[in-house]
Amino acid sequence: MQVMHDKIKLELADALRSALKHFDTEMETEEVYALLSVPPNVKMGHYAFPCFSLAKALRKAPPAIAADLQAALPALSEGLSSKLVGPYLNFVVNSQVLGQAIMQAILDGSYFASELTREVPKTMIEFSQPNTHKALHIGHLRNTFLGDALIKLYRYAGYEVVSSTFPGDVGTHVAKCLWYMENKNEEPVPESRRGIWLGEMYAKANSLLKEETGTEREEINRAELTEVLKQLEKGEGKYYELWKETRQWSIDGMKDAYNWAGVSFDQWYWESEVDSDSVKLAREYLAKGIFIESEGTVGVDLEDEGLGYCMLLKSDGNGNYAAKDIELARRKFADYEVEKNIYVVDKRQEHHFQQVFATLKRMGFEHADKCYHLKYDFVSTSEGMLASRKGNIQPVMDIIEAMEQHAKQEIVDHSTGDAWTEEELNRTGSIIAKGALKYGMLKYDPAKPIVFDMDEWMKWDGDSGPYLHYQYVRINSLCKRLAEEMQENVDWAVLKEDKEMEILLKLASFNQVAVNAAQQYRPNLMANYLFELCKLYSSFWSAHSVKDAATDELKTARLAMSQAVSTVLKKGLGLLAIPVPERM
RNA sequence: GGCCUUGUAGCUCAACUGGAUAGAGCACCUCACUACGGAUGAGGAGGUUUGGGGUUCGAAUCCCUACAAGGUCACCA
């Protein structure tokens, strides 16, 4: 449930509600609050109440209703007034009210501690399911950034969140990798980047197996792979020993990437750890008669729901991915007593999750409808689709490295002020690269595909991470320079320019954007908001001067407003897991 | 073939979930700099929101339909 956290909107909603009573129209304050929107232009007012929906009940034209409502409106507090604009009853707020009610709170930080929701479910968010023995590619980054931002947005919105991941450390891909490494590979194991090297082994295994399909080797290969899997399952033998060692190489590689991205998980659920329990669970429900046997496999018949047959145990008796996800869901709710369970997984898994959720329901699992699959579209490159089995991928750490190098070069070419130490340059270059990559991906709706083109993202023009970083740095630089002139008491009323008003209103909507972004699973709403805020401020910057404002009061107010923009930028980028540089 | 997603300026995307004149960024053309950091700003041009119906005061948004792109539909994970 959302809290009506905007005090100004709350007062307007209340006033409208009591005005509506004069026309025998009962509406909850919540309803009115939700109807209040933003006029397309500040000249029309700052808040809008559309009267169309009342026309039928009141048998009157919307403009007449707006006029009647205005007449029936109780007295508004100082600084608030109503304004009739056709079928809309709009409201105007002066900068003094916005400043006192919201800017002050942004500056002292209390705004960011507002209660935004109430009685919301404890939520688990599972994301970034990496595979060991496979390379981490740019596509995994989208998942990771999306999940990480979502967690930050949820927590900010007031949800208690448990973050988790479900890495694939068993299965045929692992077997193929180990098989190739043990029987075919002649290269020495490298000293570093072993996780990436394993990915290459996996890709080579795949192409060799494909090559030998249809030859006399096919049968032999299959038998050898079965042997690998058997050893892994039993937990003994040379392949099992090799698995333990190589698995760790991959994990080390993952952790490098997560450290770079600043991502951590409250819980790592390993596939290898749910494997045997998932088989037991499936057998148990087979015995109960809820699951069925079909052609030697065990599964659930979901034909009547249009979902086909959901296989859980293969004819060799081993569990497949669906079985593991069932067991995993059971554990999540049991281990953490969460009430909502979000999976950030690409859209290819849609059918899989529909089957899993439907199966949970058949099992009588009370939380089955509390599971949500956040499906997102893929990242491709100009070369086409990525696939680790094809080996046509660029390891993420290489991409990151290239972007950091580029960022550092740009800093050296463009920055002003003191010379840069090596340490500061490295740190800042890393921040800029994170911004470029994370913002570049998060600004898109999850449902839309992304084409990653390194050169295009390197241009650093327009709607990009570096643009936001630059705006932040520029404002900060100004605030620092004028820090001594910052006054305790700000007279917000002197901010009278349209551009100033637009900025104040934009700042005031930050919390609503954060809640929407969380509840709609769309971090791009926050990304777009921050970009719009920067555009507004930048336009103000070129039209008006802070330093050379006409009066000291105006200078102080503009400085305070600038400080508020900088604070919101930093906070908002933080919710996208993007750090900010001090200078660049 | 069934199901899911998507279709908006030349290109890449927005549009506060049904509201006021559909907005940004690239690219293109004009302007504005011995500046508060030009990694900028202002302006111009660019639209039958894939086509066709429907719902209503009102549709890019909801419904139907056709088309196009992508995904998916039992021993991969």
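Order of the sequence lines fixes the chain letters, A, B, ..., with proteins taken first and strands second; residue numbering starts at 1 for each chain.
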query = For A/His173, what residues pass the side chain to side chain donor-acceptor pair (under 3.5 Å) criterion, not counting sequence neighbours?
reply = none
Atom-pair distance (CE on A/Met526; C1' on B/rA15), nearest Å = 17 Å
message = Between P on B/rC3 and OH on A/Tyr309, what's the gap in Å once rounded to a whole number?
response = 24 Å
query = With centres under 5.5 Å and planes under 30°, do A/Trp541 and B/rC36 count as stacked?
reply = yes
ask   = Over how many whole Å does the gap from A/Gln355 atom CD to B/rC4 atom C1' extend?
value = 14 Å
task = Could you walk me through whether A/Phe353 and A/Tyr372 pass the ring-ring contact (aromatic ring centres under 6.0 Å, His included) test, one step at a time?
result = CA-CA 9 Å; A/Phe353 280 113; A/Tyr372 178 78; over 10 Å; no
ask   = Rounded to whole angstroms, how far apart are CZ on A/Phe52 and C1' on B/rA20?
value = 7 Å
Under 3.5 Å donor-acceptor pair, A/Ser477 side-chain atoms to B/rG37 base atoms = yes
task = Please state whether the phosphate of B/rC4, meaning OP1 or OP2, lies under 4.0 angstrom from any side-chain nitrogen or oxygen of A/Tyr376.
result = no
Pairing pattern in dot-bracket form [Watson-Crick, G-U; both distances under 3.5 Å; | = partner strand] for RNA chain B = (((((((..((((.....[...)))).(((((.......))))).....(((((..]....))))))))))))....
message = Using whole Å, what does the distance between atom P of nucleotide B/rA24 and atom OH of A/Tyr537 come to?
response = 21 Å
ask   = Mind checking the P distance from B/rU49 to B/rC31? Whole angstroms is fine.
value = 34 Å
key: OP1 or OP2 of B/rC36 under 4.0 Å from side-chain N/O of A/Lys547   = yes
task = Output yes when at least one side-chain N/O atom of A/Arg348 is less than 4.0 Å from OP1 or OP2 of B/rC73, else no.
result = no
ask   = Which whole-number value in Å describes the distance from A/Phe353 CZ to B/rC73 P?
value = 14 Å
query = What is the distance, rounded to the nearest whole Å, between atom CG of A/Leu478 and atom C1' of B/rG37?
reply = 10 Å
query = Hey, does the side-chain of A/Asp301 have a donor or acceptor N/O within less than 3.5 Å of a partner on the base of B/rA74?
reply = no
request  = Indicate, yes or no, whether a donor-acceptor pair under 3.5 Å links the base of B/rC75 to the side chain of A/Thr297.
outcome  = no
query = Which of the following nucleotides, B/rG70, B/rC4, B/rC36, is nearest to the side chain of A/Ser545?
reply = B/rC36
task = Would you mind telling me which residue lines up with the more 5' stretch of RNA chain B, A/Lys314 or A/His544, judged by nearest nucleotide?
result = A/His544
ask   = Between the side-chain atoms of A/Ser464 and the base atoms of B/rA39, is any donor-acceptor pair under 3.5 Å?
value = no
request  = State, without any angle test, whether A/Ser82 and A/Gln70 hold a side-chain donor-acceptor pair at a distance under 3.5 Å.
outcome  = yes
key: A/Lys535 vs B/rG41: side-chain N/O to OP1/OP2 distance below 4.0 Å   = yes
ask   = How about A/Phe540 and A/Tyr537: are their ring centres within less than 6.0 Å of each other?
value = yes
request  = Ignoring backbone atoms, establish whether A/Arg481 has a side-chain N or O less than 4.0 Å from OP1 or OP2 of B/rG37.
outcome  = yes
ask   = How far does the C1' atom of B/rA60 sit from the matching atom of B/rG51, given to the nearest Å?
value = 15 Å
request  = Would you mind reading off the distance between A/Glu502 atom CD and B/rA24 atom P, rounded to a whole angstrom?
outcome  = 11 Å
message = Return whichever of A/Met584 or A/Ile450 has its heavy-atom-nearest nucleotide of RNA chain B closer to the 5' end.
response = A/Ile450
